[in-house]
Amino acid sequence: MEIKAVRGFNDLLPNEIGKWQFVEETAREVFEGFGFSEIRIPILERTELFSRGIGEATDIVEKEMYTFTDRSGNSLTLRPEATASMARAYLEHQLYTFDPVAKLYCIGPMFRYERPQKGRYRQFYQIDAEVFGVENPMVDAEVIVMLIHFLKRVGLEKLELQINSLGCHACRPRYREELKKFLTQKSFQLCEDCQRRLQTNPLRIFDCKVETCQEAIANAPKVTDFICPECQKHFDKVKEHLETAGLTYILNPRMVRGLDYYTRTAFEVVSYQLGSQNAVTGGGRYDNLFQEIGGLEIPGIGFAIGMERLVSLLPKDKEFVQTPYLFIAALGEGPLKEAYRIVNQLHLQGIRAELDYEGKSLKSQMRRADKFKAQYVLILGDEELKQGKAVLRNMETKFQEEIPIPNLVNILKEKVRRQE
RNA sequence: GUGAGUGUAGCUCAGUUGGAUAGAGCACUGGGUUGUGGCCCCAGUGGUCGAGGGUUCGAGUCCCUUCACUCACCCCA
């Protein structure tokens with residue numbers, strides 16, 4: 001094979017697509033039940049939407065975007081995430097004139113130029129849900145409740161919900177300084193990366209996996225001790241609402257988010273079966289995003305689910321493959337022609353049917369039928385054709401009966417109905 | 001961008017201290033009653049040993065370069 005898919009871009013083959021369809025269908029059902037509407041947005045946006053929305057200094061913008069100049073000289077970028085585009089669409093079409101509150105979800109591919117590894121690809125799929133226009137902590141909890149409900153519906157177990165508050169633009173800088181001051185005293189035990197982070201983004205040191213860094217940060221001041229009274233109140237309400245909804249969560253004061261726009265509530269659902277990239281989904285509140293891209297002060301909260309991470313956690317025992325209902329084994333030219341006519345007729349009735357076009361031996365056709373896990377095989381030879389009949393074999397019970405060809409469609413439809 | 005590991009048939013892998021025509025299992029195709037599947041038996045198709053160069057009488061085995069994949073770091077879903 002000479003031409004292969006480019007690095008980090010994967011094919012989803014028929015044998016695994018059932019899981020994806022199942023996940024997407026469940027998401028639509030659950031989200032719409034919670035009052036969300038689907039929105040579809042372009043895969044390509046003007047680069048500045050992301051550089052302003054996500055933040056100029058973030059890793060995504062600095063080194064992970066697929067950016068190019070088009071033929072008319074505009075800088076365009078393959079979307080690395082969906083939230084900014086959804087916010088842009090909300091502003092552009094002034095959805096707030098219909099109602100200030102918008103509950104939206106979106107399913108599709110995102111692109112980030114990173115070194116691929118387990119659970120991380122250059123094209124990856126996300127399910128996004130966002131609520132624009134509400135600052136009330138009730139919505140924070142509502143969104144999380146919906147997320148957990150969805151994950152359970154899809155069959156995930158052993159998940160851990162972690163939450164934190166990152167404070168707002170008023171109180172976070174204060175905490176940042178405090179943390180910086182604390183860590184500067186211990187900078188001698190920080191690794192090289194963290195020395196750098198101390199200057200650029202001290203919060204990130206919490207994420208470091210180096211042991212000495214973890215020791216250094218063990219007794220560091222917590223965000224939650226520094227957030228302003230309003231943020232504190234907001235966070236308390238979120239926790240309260242989660243508890244009334246019966247959700248258990250883990251407070252993780254060390255959880256930080258990589259995108260600049262996050263404020264206040266931040267959350268993540270992790271699974272320890274995933275390997276190093278253990279977050280199935282992450283999200284939070286972003287009360288500054290809209291100002292960055294449009295000037296209006298509109299609060300928002302939402303999350304993104306990593307589809308390939310989620311699919312990899314799906315219970316294995318679930319069967320998602322579609323098998324043909326009927327396989328027609330035709331013997332000879334005349335029967336093949338008749339079989340072809342029948343198959344077409346069945347397809348029009350929505351009955352999955354296959355046949356062998358190559359005129360192979362009955363044995364070989366039976367083997368194929370078996371491989372495809374067909375429930376019935378119709379055997380059609382010259383004799384049967386002459387009499388206008390065919391042999392219908394139930395592959396599981398091995399029961400065979402002769403049936404008149406004109407009745408076949410009705411007989412099969414009846415069998416399908418009885419099965420359901 | 002950095003580090004480590006792995007590249008032999010469609011898949012999973014054997015291949016001794018370098019030695020002659022490169023193997024197995026699974027899969028695929030055909031056959032074992034002329035028109036009946038799964039199990040079993042037999043046969044067959046299929047490999048420029050990732051690529052390029054070097055050492056050697058001789059390289060799948062050793063050396064160098066390169067590419068790809070995987071995992072991890074950075075960071076994130």
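Per chain, numbering begins at 1; letters A, B, ... match sequence-line order.
- Between the CG atom of A:Leu331 and the P atom of B:rU36 there is a distance of 10 Å, rounded to whole Å.
- Atom pair A:Phe267:CZ and B:rA77:C1' shows a separation of 12 Å (rounding to whole Å applied).
- Rounded to whole Å, the C1' atom of B:rU56 lies 16 Å from the corresponding atom of B:rU17.
- B:rC28 and B:rG10 have their C1' atoms separated by 9 Å, with the value rounded to a whole Å.
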TODO: Give the intermediate values and the outcome of side chain to side chain contact (heavy atoms under 4.5 Å, CB included) for residues A:Phe124 and A:Phe111.
DONE: CA-CA 6 Å; A:Phe124 61 102; A:Phe111 305 85; over 6 Å; no
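- Using a 4.0 Å heavy-atom cutoff across all strands shown, A:Ala304 reaches sugar-phosphate atoms only and no base atom.
- Each of A:Thr397 and A:Tyr262 has a nearest nucleotide on RNA chain B; the 5'-most of these lies closest to A:Thr397.
- Taking 3.5 Å as the limit, the base of B:rG1 and the side chain of A:Glu114 contain no donor-acceptor pair of atoms between them.
- Comparing B:rU36, B:rC69, B:rG38 by their closest approach to the side chain of A:Arg7 singles out B:rC69.
- Backbone-only contact: A:Val280 has heavy atoms under 4.0 Å from sugar-phosphate atoms and none from a base.
- Taking CG from A:Asp128 and CD1 from A:Ile41, the interatomic distance works out to 7.5 Å, rounded to the nearest 0.5 Å.
- Taking a cutoff of 4.0 Å between a charged side-chain nitrogen and a carboxylate oxygen, A:Glu177 and A:Arg172 do not qualify as a salt bridge.
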For nucleotides 10-12 of chain B, which of its nitrogen or oxygen atoms have a protein nitrogen or oxygen under 3.5 Å away, and what is each distance?
none

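- When each of B:rG37, B:rC74, B:rG35 is scored by its nearest atom to the side-chain atoms of A:Leu362, the top-ranked nucleotide is B:rG35.
- Summarising the local packing, NZ of A:Lys186 is surrounded by more than 12 heavy atoms from other residues, nucleotides or ligands at distances under 6.0 Å.
- Using a 4.0 Å heavy-atom cutoff across all strands shown, A:Lys118 reaches sugar-phosphate atoms only and no base atom.
- Counting atom types as modelled, A:Lys398 pairs a side-chain N or O with a base atom of B:rG38 as donor and acceptor under 3.5 Å.
- Between the C1' atoms of B:rG23 and B:rA9, the separation comes to 10 Å (whole Å).
- Across the strands present, B:rU33 finds no partner; the criterion is a Watson-Crick or G-U wobble pair with both atom distances under 3.5 angstrom.
- Distances shown here put a side-chain N or O of A:Gln117 below 4.0 Å from the OP1 or OP2 atom of B:rC73.
- Contact annotation for A:Glu358: no contact, since no heavy-atom pair falls under 4.0 Å across all strands.
- Residue contacts for A:Glu268: at a heavy-atom cut-off of 4.0 Å it reaches no nucleic acid atom on any strand shown.
- Looking at A:Glu64 and A:Tyr66, their side chains never bring a donor and an acceptor atom within 3.5 Å of each other.
- Going from the C1' atom of B:rA4 to that of B:rC74 covers 16 Å, rounded to whole Å.
- At the heavy-atom level, A:Gln365 lies nowhere under 4.0 Å from the strands shown.
- Comparing B:rU36, B:rC75, B:rA77 by their nearest atom to the side chain of A:Gln400 picks out B:rU36.
- Nearest to the side-chain atoms of A:Glu383 among the listed nucleotides B:rG35, B:rA68, B:rU29 stands B:rG35.
- Side-chain contact check for A:Thr77 and A:Thr67: at least one donor-acceptor pair (N or O, by modelled atom type) lies under 3.5 Å.
- A side-chain donor from one of A:Tyr249 and A:Glu243 sits under 3.5 Å from a side-chain acceptor of the other.
- Between A:Arg341 and A:Glu338 a salt bridge is recorded (basic side-chain N to carboxylate O distance below 4.0 Å).
- Nucleotides B:rU61 and B:rG54, compared at atom C1', are 15 Å apart to the nearest Å.
- Within the 4.0 Å cut-off from OP1 or OP2 of B:rG35, not a single side-chain nitrogen or oxygen of A:Ser361 is found.
- Dashed line: the shortest gap from a side-chain N or O of A:Ser364 to OP1 or OP2 of B:rG30 is under 4.0 Å.
- Spacing between atom CE of A:Met255 and atom P of B:rA77 amounts to 11 Å, rounded to whole angstrom units.
- At whole-Å resolution of the value, CG in A:Asp128 and C1' in B:rA77 are 9 Å apart.
- Taking atom P in both B:rG25 and B:rC39, one finds a spacing of 16 Å when rounded to whole Å.
- Residue A:Gln195 contributes atom CD, which lies 17 Å from atom C1' of B:rC73 at whole-angstrom precision.
- Across all strands, A:Tyr121 comes closer than 4.0 Å to base atoms (heavy-atom distances).
- Map A:Val6 and A:Arg368 each onto its nearest nucleotide of RNA chain B; the residue landing nearer the 5' end is A:Arg368.
- Within the 4.0 angstrom heavy-atom criterion, only backbone atoms of the sugar-phosphate kind lie near A:Lys371; the bases stay farther away.
- Using Watson-Crick or G-U wobble geometry with both donor-acceptor distances under 3.5 Å, B:rA20 finds no partner in any strand shown.
- Distances shorter than 4.0 Å separate none of the side-chain N or O atoms of A:Arg115 from OP1 or OP2 on B:rC74.
- In this structure, CZ of A:Arg122 is placed 11 Å from C1' of B:rG1, rounded to the nearest angstrom.
- Looking at A:Lys360, its side chain has no donor and acceptor atom pair within 3.5 Å of the base of B:rG30.
- Taking a 6.0 Å sphere around CZ of A:Phe182, one finds it holds more than 12 heavy atoms contributed by other residues, nucleotides or ligands.
- To the nearest whole angstrom, the two C1' atoms, one in B:rG58 and one in B:rU12, are 31 Å apart.
- At a threshold of 4.0 Å, the pair A:Arg285-A:Asp287 counts as salt-bridged, since one of the basic side-chain nitrogens sits closer than that to a carboxylate oxygen.
- When the P atom is used for both B:rC40 and B:rC62, the distance is 38 Å, rounded to whole Å.
- Across all strands shown, the partner of B:rU70 is B:rA4, judged by Watson-Crick or G-U wobble contacts whose two distances both fall under 3.5 Å.
- For B:rA77, the OP1/OP2 oxygens have no side-chain nitrogen or oxygen of A:Gln123 closer than 4.0 Å.
- For the pair A:Arg367 CZ and B:rC28 P, the interatomic distance rounds to 9 Å; values are reported in whole Å.
- The nucleotide B:rC49 finds no pairing partner, because no Watson-Crick or G-U wobble arrangement with both distances shorter than 3.5 Å includes it.
- Base pairing analysis places B:rG60 opposite nothing; no Watson-Crick or G-U wobble pair with both distances below 3.5 Å involves it.
- Base contact: A:Gly119 has a heavy atom under 4.0 Å from a base atom.
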Task: Derivation and outcome, ring pair (Phe, Tyr, Trp, His ring centres under 6.0 Å), residues A:Tyr121 and A:Phe9 - done: CA-CA 7 Å; A:Tyr121 310 98; A:Phe9 287 66; over 10 Å; no
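- Between A:Arg417 and A:Glu414, at least one side-chain nitrogen of the basic residue sits less than 4.0 Å from a carboxylate oxygen of the acidic one, meeting the salt-bridge criterion.
- For A:Ser276, the listed nucleotide lying nearest its side chain is B:rA72; candidates were B:rA72, B:rG38, B:rC75.
- When the side-chain nitrogen and oxygen atoms of A:Arg393 are compared with OP1 and OP2 of B:rG37, none of them lie within a distance under 4.0 Å.
- Between the CD atom of A:Glu402 and the C1' atom of B:rG35 there is a distance of 13 Å, rounded to whole Å.
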